[in-house]
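Read the structure below first, then the notes.
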Amino acid sequence: MPGVAVGEIVRVLADDPAAANDIPAWCRMKGQEFVAADGHAFDVRRVL
Amino acid sequence: MDYTGDPAGAHAYLDAASAAPLHPVAREALLASLADGWADPARLYAAGRRAQQLRDASTAVVAEILGVRADELTFWPSGTAAAQAAVLGGLGGRKRAGRVLVHSAIEHSAVLHAARAAEAVEVGVDRLGRLDLDAWAAAVRGDGVALASLIGASHEVGTIQPVAAAAELCAEAGVPLFVDAAQVVGRAELPAGWSLLSASAHKWGGPPGVGVLVVRKGVRWLSPYPQDDLYRPGPPGSLGLPQVVAAAASLRAAAGEAAAEAVRLSALVDRIRERVAATVPDVEIVGDPVGRLPHLVTFSCLYVDGEALLHALDRHGFAVSSGSSCTSSTLRPSHVLEAMGVLSHGNVRVSLHRETTEADVERFLTVLPGLVADIRAEAGL
């Protein structure tokens with residue numbers, strides 16, 4: 001995340017069964033924006 | 001793993017929500033009734049009458065503590081068996097109404113497995129793990145609802161559910177409510193308004209192998225199992241009478257201690273909630289901080305493998321459980337944590353009991369931050 005500019009989107013690829021729950025939870029805890037999920041792909045926007 | 005700086009202390013068992021250590025009263029009662037209560041209570045000779053007396057006295061004690069009639073209560077081979085009998089028998093008794101089971105998203109897996117026998121309608125919870133009462137109201141008013149099921153308080157995060165309000169909505173809709181009270185009985189006040197209730201003796205300090213099922217008068221319940229000659233609805237087969245006697249004796253003891261223990265343990269839980277949040281970075285303390293069970297607290301740590309943390313704590317003498325996916329039999333994250341939308345990684349559930357001391361909790365709070373930091377360091381964070 002430190003290498004990502006504010007406003008940019010990172011696509012996380014994860015087949016961990018907990019990812020669908022834990023990536024949005026990570027965003028909430030770290031103040032980042034969860035954009036969308038599509039299968040094993042999760043988009044996160046850096047806002048802080 | 002660095003052991004230096006680990007304060008000396010005895011092993012601390014902090015998983016009462018899985019099984020509380022046997023209450024000393026239960027041990028005494030178990031040994032006495034192994035000698036005295038082994039005969040078949042249905043037989044008409046002296047040893048049989050003695051067994052019958054023990055069974056009836058145990059039933060009366062548990063019924064009195066739960067505030068129900070003795071003939072509304074049966075003992076089952078486990079809390080799981082009792083909960084599943086409640087669901088299946090409750091559905092069976094209401095076949096004519098339909099085959100829909102409305103249940104919260106945070107029921108015990110035993111109830112969710114039984115729910116597969118029905119058309120299940122799941123009702124969600126909020127971030128703190130509290131039932132969505134508006135969605136519940138709509139669900140129980142739906143077509144073909146035979147039964148509703150709501151856990152009394154979450155066994156995973158401790159949040160107490162609005163049972164009385166949910167029960168009122170069920171009553172308005174003419175739907176019986178089953179409450180799984182495994183974590184409540186012997187620790188907190190029972191809510192009002194339910195039709196069926198189950199509990200489990202080894203959660204209150206009784207022996208394993210005893211479940212309790214209450215079916216209130218006027219509630220239709222059909223046994224899902226083959227019945228005996230006299231059609232006395234209940235579990236098939238012989239009762240584990242010595243365990244039942246021990247369960248009843250320990251419930252009386254636990255209920256007598258419950259108010260004082262709730263105050264003592266709740267203060268320790270508050271201390272854990274505050275100190276873990278203050279001393280462990282990137283941690284989420286989950287569940288309702290106020291409307292909760294007195295003895296149970298759950299938290300999740302970012303960038304920590306739940307299994308690794310469980311093992312690290314075990315090596316330092318602490319027994320806790322976890323809802324992280326890698327620690328579960330299904331390799332899925334806990335459905336309760338998922339329903340709440342809280343982090344499931346690095347999850348730890350700590351549940352206290354009458355033998356838990358302040359020193360146990362202090363040692364846990366001293367050791368935990370270092371263990372979390374070590375696991376994160378090993379992962380390169």
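In what follows, every chain begins at residue 1, and chains take the letters A, B, ... in the order their sequences are listed. The figures here come from the full heavy-atom set of this structure, side chains too, leaving out hydrogens, waters and symmetry mates.
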Here the ring pair (Phe, Tyr, Trp, His ring centres under 6.0 Å) pairs for residues 106-140 of chain B, sequence neighbours left out, are B/His108-B/His155
Side chain B/Gln84, main chain B/Ala110, donor-acceptor under 3.5 Å: yes
Has the side chain of B/Lys203 got a donor or acceptor atom that lies under 3.5 Å from a matching backbone atom of B/Ala182? no
Residues passing the side-chain hydrogen bond (donor to acceptor under 3.5 Å, both in side chains) test with B/Asp288, sequence neighbours excluded, are B/Arg130
Rounded to the nearest 0.5 Å, what separation is found between the OG atom of B/Ser266 and the CZ atom of B/Arg271? 12.5 Å
Is a side-chain N or O of A/Asp38 found less than 3.5 angstrom from the main chain of A/Ala41, in a donor-acceptor match? no
Close side-chain approach of B/Arg349 and B/Val297, heavy atoms under 4.5 Å: no
Contact residues of residues 28-37 of chain A (partner chain B; heavy-atom separation under 4.5 angstrom): A/Arg28, A/Met29, A/Lys30
To the nearest 0.5 Å, atom CZ of B/Phe299 lies from atom CG of B/Leu309 at 6.5 Å
Any residue of residues 2-22 of chain A which, by heavy atoms, sits under 4.5 Å from chain B: A/Asp16, A/Pro17, A/Ala18, A/Asn21, A/Asp22
Rounded to the nearest 0.5 Å, how far does CD of B/Glu338 lie from OG of B/Ser344? 6.5 Å
